[in-house]
Amino acid sequence: SPHSSQWVALAFFCKQTGVFYVVLGGAIVAVINWRKVAVYVATAGLIGLGGTQAMNTATDGWFWTYVSKIHRAHDFNMDRFWRSYGLILWHFRALTIVVAVALVAVLVVYIRTRKLPKQAQPLLLWSAAFAVSTVVGAVGWGTEFAHFNAYMPAFLHGALAAGAALPALAACTKILLDRPNLRFDLELAVNAVPAIAALALGLALIHARWRPAKYIPTDADVAAGDRLIERVRALDGEVWMPSHPWYLVLAGKQPHVHRMGIKDVTARQKRTPGQIVAGLDDALRNHRFSALVLDDRDLFLELPLAQYYRPALKIPADERPHLYTGAIITPDTIWIPAIAPRPPAGAKVV
């Protein structure tokens, strides 16, 4: 329906790669009823372009900065882009094989009869969505800092395509094997082919069943987190923990900008020299923070923190809770202001 354009256009405001589905929706409308393409394009354009302009105006340009400029400032890795196709299509092998076999069967039937079985129409629809979502996943994971959740649309639409493949296989089997010179139980064959495909998909589901235990922190992790919170709480003054600002909240302190916020802004320095986070340089230069709690892969690799701070304490192993999802990083070092040491009164300097 051309009315679906309002939903796919609104998807853009949730995730900008939703624009791929606007194009897919337009292609579907063109195939089903080309006379409604103009309505589809007009509706999608009004919502997408008009909504973008309205939100950009209402935010003095910040909307477009956040949804476009900052994201385009992130590096794009073509190796990750191309590798994504193998990671997606071969992650659930049975899914991809069943969909591919069903599409081949539909193609053979069409070549022989010049007709498409009615049962094949959902397969073609969801296979198209699967293909588009695979590209969306590759684009998403190719972007700097992306994680594998970029593949979720591809697995969703792939599962729908695999489900639609079963009745399509049954219909194609009946058409291809319904010949007088072939002697076998046609009904048995028509049921056996999709049953075999369904069995393969079922085994894949069993193998990939949800096992939340591997994402549940151990007692040792909980204890390590508690000890780390107590250490942070014991630090005097303001503390900055760029990769884990919520630990500061748990320790009763004021949280500050996350590492990603720093990266998002400063990544554009190559294109816009001098673009920095307002107040950050002054805060570091004037030692506003009494301590920085940094991870093993943190901002000291990207910002010249060593000009103003120095590592003072390696966090003990029993104060480093593990991460189970996302970027696998752990709290590593406490940095303090790099100032000349002041010996206590009466001390003899050697």
Side-chain angles (χ1 to χ4, degrees), residues 20-21 24-25 27-28 31-32 82-141 147-216 324-325:
F20 285 86
Y21 299 101
L24 173 64
I28 294 172
V31 171
I32 296 175
W82 292 114
R83 186 183 170 208
S84 290
Y85 292 98
L87 293 175
I88 293 172
L89 297 176
W90 214 235
H91 187 73
F92 299 107
R93 295 171 174 79
L95 182 154
T96 302
I97 292 172
V98 167
V99 172
V101 169
L103 288 174
V104 171
V106 171
L107 178 61
V108 172
V109 167
Y110 180 77
I111 292 174
R112 289 189 178 183
T113 65
R114 294 299 173 184
K115 293 181 180 179
L116 282 175
K118 184 178 180 180
Q119 296 89 334
Q121 294 176 3
L123 171 64
L124 297 179
L125 172 65
W126 291 116
S127 294
F130 182 27
V132 170
S133 294
T134 299
V135 175
V136 169
V139 171
W141 198 61
H147 197 53
F148 289 118
N149 59 359
Y151 297 161
M152 289 169 62
F155 293 144
L156 168 63
H157 294 143
L160 292 169
L166 302 184
L169 281 171
C172 291
T173 301
K174 183 176 182 179
I175 293 172
L176 294 173
L177 298 183
D178 190 7
R179 297 177 179 277
N181 58 334
L182 296 178
R183 296 183 178 181
F184 52 80
D185 189 331
L186 179 60
E187 184 177 354
L188 177 62
V190 169
N191 293 325
V193 172
I196 293 172
L199 177 62
L201 294 173
L203 293 174
L205 288 175
I206 293 174
H207 178 72
R209 67 188 181 276
W210 172 242
R211 291 187 288 268
K214 63 181 180 180
Y215 298 110
I216 299 176
Y324 291 85
T325 61

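Counting only residues at least two apart or in different chains, side chain to side chain donor-acceptor pair (under 3.5 Å) contacts with residues 103-116 are absent. Applying the side chain to side chain donor-acceptor pair (under 3.5 Å) definition to pairs two or more places apart or across chains, none involves residues 92-105.
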Pair up each side-chain donor or acceptor in residues 123-136 with any protein partner under 3.5 Å, not counting sequence neighbours, and list the distances.
residue: Ser127; atom: OG; partner: Leu123; partner atom: O; Å: 2.7
residue: Ser133; atom: OG; partner: Tyr21; partner atom: OH; Å: 2.7
residue: Ser133; atom: OG; partner: Ala129; partner atom: O; Å: 3.0
residue: Ser133; atom: OG; partner: His157; partner atom: ND1; Å: 2.6
residue: Thr134; atom: OG1; partner: Phe130; partner atom: O; Å: 2.8

What donor-acceptor contacts under 3.5 angstrom involve side-chain atoms of residues 84-91, with partners at least two apart or in another chain?
residue: Ser84; atom: OG; partner: Arg80; partner atom: O; Å: 2.8
residue: Ser84; atom: OG; partner: Tyr151; partner atom: OH; Å: 2.8

Per-pair distances, 0.1 Å, donor-acceptor, side chain in residues 189-208, under 3.5 Å, sequence neighbours excluded:
residue: Asn191; atom: ND2; partner: Glu187; partner atom: O; Å: 3.1

Cut-off 3.5 Å, no hydrogens considered: what does the side-chain donor-acceptor table look like for residues 159-168, sequence neighbours left out?
none

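Note that the CZ atom of Phe92 and the CZ atom of Phe155 stand 5.5 Å from one another [nearest 0.5 Å].
For Val106 against Ala120, the heavy-atom pair with the smallest separation is CG2-CB, 3.7 Å. In terms of heavy atoms, Thr173 sits closest to Leu169 at OG1-O, 2.6 Å.
At least one side-chain heavy atom of Val109 sits under 4.5 Å from a side-chain heavy atom of Leu176.
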